[in-house]
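Along the sequence shown, residues are numbered consecutively beginning with 1.
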Amino acid sequence: MLHIDKSGRIINSKVKLEIHLSIQKRLMKKVSGLIVHQTNSPTAQSTFNGYKQGLSGAHFLIDKDGTIYQTASVHYQTWHVGKLKARCLVELTCTPKEIKALKTFNPTLEHKAEMQKNVPDRYPANHDSIGIEIVGMAIQGNNPNEEAVYEEVTEEQNASLKWLVNELSLYFGFPKSEVFRHPTVSRKTSSEAATAAW
């Protein structure tokens, strides 16, 4: 079982502390799940440089060699998810009223409607999820009209991801069914974290 101190930092030799206070937002009252991302940056340092802007970030970063950095306290929200997709569409549980509302494409209204629900009726959001970033670039092909494709996650990254997901789910008590790739829960590049495995 993980040891997490009062400030929300993991005390474990597998985790290096690289806390960026600039990405920590409000206190997080509950952790309902976990979202896996890729950075679209070539190195851990380039991601850290971005975190200095303080706009968005995740709680953990896994470098290509499998090194795990904790970048924010698990007691605080970070902005890592974005507007939620309707989970009921995927799980075929939408009410007729929801189906009618979703016929008009409006991500802002869709997100607002989702935020009236609790997990597992909606996906985990910024205020109740841990974010894990994996260093990796989205590579644009020869056709600029095609979506960029994220590079494959390394074996070392996947080994670290598996360990971290397992430890966090045990510590916070959420099921692994509440661990998602970023494009599943929000409108992002579809290949982001496609080769991540936990």
Side-chain angles (χ1 to χ4, degrees), residues 14-16 18 20 23 33-72 77-92 102 105-108 110-111 114 119 122-126 129-166 168-169 174 176-198:
K14 291 187 177 186
V15 179
K16 293 185 176 184
E18 178 71 36
H20 291 261
I23 64 171
L34 195 152
I35 310 300
V36 179
H37 308 260
Q38 273 183 289
T39 60
N40 197 18
S41 62
T43 64
Q45 188 58 55
S46 60
T47 303
F48 298 151
N49 293 341
Y51 284 178
K52 291 175 185 173
Q53 313 277 320
L55 300 175
S56 63
H59 298 86
F60 297 93
L61 177 76
I62 302 176
D63 208 346
K64 290 190 174 185
D65 65 359
T67 301
I68 301 170
Y69 296 95
Q70 183 175 2
T71 50
Q77 301 172 32
T78 65
W79 294 342
H80 64 98
V81 178
K83 294 175 183 174
L84 293 181
K85 292 179 181 177
R87 187 169 179 171
C88 68
L89 281 177
V90 174
E91 299 183 352
L92 305 177
L102 290 166
F105 181 73
N106 189 322
T108 300
E110 185 176 343
H111 174 76
E114 288 302 292
V119 172
R122 64 157 168 82
Y123 293 118
N126 284 330
S129 70
I130 300 287
I132 299 176
E133 289 271 18
I134 300 170
V135 174
M137 289 292 294
I139 310 299
Q140 185 65 53
N142 294 331
N143 185 345
N145 296 323
E146 290 182 0
E147 188 176 62
V149 176
Y150 274 88
E151 63 185 297
E152 286 194 18
V153 173
T154 68
E155 288 181 24
E156 294 85 357
Q157 285 173 317
N158 271 333
S160 293
L161 178 65
K162 184 175 183 178
W163 177 83
L164 188 56
V165 167
N166 187 60
L168 290 169
S169 65
F174 59 81
K176 289 186 184 166
S177 59
E178 296 305 323
V179 180
F180 300 97
R181 292 173 178 84
H182 197 192
T184 301
V185 304
S186 189
R187 288 175 175 84
K188 299 294 175 181
T189 303
S190 61
S191 62
E192 182 180 346
T195 55
W198 55 86

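The closest donor-acceptor contact from the side chain of Asp63 to the backbone of Asp65 lies at 3.5 Å or more, if one exists at all. Judged purely by atom type and a 3.5 angstrom limit, Thr71 has no side-chain atom pairing as donor or acceptor with the backbone of Leu61.
Note that OG of Ser186 and CD of Glu114 are 11.5 Å apart. Values are rounded to the nearest 0.5 Å. Taking CD1 of Ile130 as the start and OG of Ser169 as the end, the distance is 11.5 Å to the nearest 0.5 Å. Put simply, CH2 on Trp79 and CD1 on Ile23 are 11.5 Å apart, with the number rounded to the nearest 0.5 Å. Atom NE2 of His59 and atom OG1 of Thr78 lie 4.0 Å apart (nearest 0.5 Å). Note that the NZ atom of Lys14 and the OG atom of Ser160 stand 8.0 Å from one another [nearest 0.5 Å]. Atom CD of Gln38 is separated from atom CG of Asn40 by 9.0 Å, given to the nearest 0.5 angstrom.
For the pair His80/Ser129, a side-chain contact is recorded, criterion being any heavy-atom separation below 4.5 Å from C-beta on. Side-chain contact between Ile132 and Leu168 is present, with at least one heavy-atom pair separated by less than 4.5 Å. Annotation: side chain of Val119 is in contact with side chain of Glu178 (closest heavy-atom distance under 4.5 Å). For the pair Ile62 and Phe60, the minimum side-chain heavy-atom distance is 4.5 Å or more. Using a 4.5 Å heavy-atom cutoff, the side chains of Tyr69 and Val15 are not in contact. With a 4.5 Å cut-off on side-chain heavy atoms, Tyr150 and Met137 do not count as touching. Within the 4.5 Å cutoff, no side-chain heavy atoms of Gln70 are placed close to those of Lys16. The shortest side-chain heavy-atom distance between Ile35 and Pro124 falls under the 4.5 Å cut-off.
In Lys162, the NZ atom is not crowded: 12 or fewer heavy atoms of neighbouring residues, nucleotides or ligands sit closer than 6.0 Å. Within a 6.0 Å sphere centred on CD of Glu91, heavy atoms belonging to other residues, nucleotides or ligands number more than 12.
Ser191 meets the side-chain hydrogen bond (donor to acceptor under 3.5 Å, both in side chains) test with no other residue; sequence neighbours excluded. By the side-chain contact (heavy atoms from CB on, under 4.5 Å) test, Thr154 pairs with Lys64, Glu156, Gln157, sequence neighbours left out. Under the side-chain contact (heavy atoms from CB on, under 4.5 Å) criterion, Thr108 pairs with Lys83, Asn106, Lys112, sequence neighbours left out. Looking at residues two or more places apart in sequence or on another chain, you find no side-chain hydrogen bond (donor to acceptor under 3.5 Å, both in side chains) involving Gln140. Taking Ala196 as the reference, Val36, Ile134, Val153, Asn158, Leu161, Ala193, Trp198 meet the side-chain contact (heavy atoms from CB on, under 4.5 Å) condition, with sequence neighbours excluded.
Shown here for Ala125 and Leu84, the closest heavy-atom pair between the two residues is CB-CD1, 4.0 Å. The minimum heavy-atom distance between Tyr123 and Lys85, with the atom names listed, is CD1-O, 3.6 Å. When all heavy atoms are compared, the tightest approach of Ser41 to Ser46 is CB-OG, 3.3 Å.
By the 30° and 60° cut-offs, the orientation of the rings of His20 relative to Phe48 is parallel.
Side-chain contact, Ser190 with Glu147: a donor N or O sits under 3.5 Å from an acceptor N or O. No side-chain donor from either of His182 and Thr189 sits under 3.5 Å from a side-chain acceptor of the other.
Among pairs with a residue in residues 183-195, those fulfilling salt bridge (charged side-chain N to carboxylate O under 4.0 Å, His left out) read Glu110-Arg187, at least two apart in sequence or across chains.
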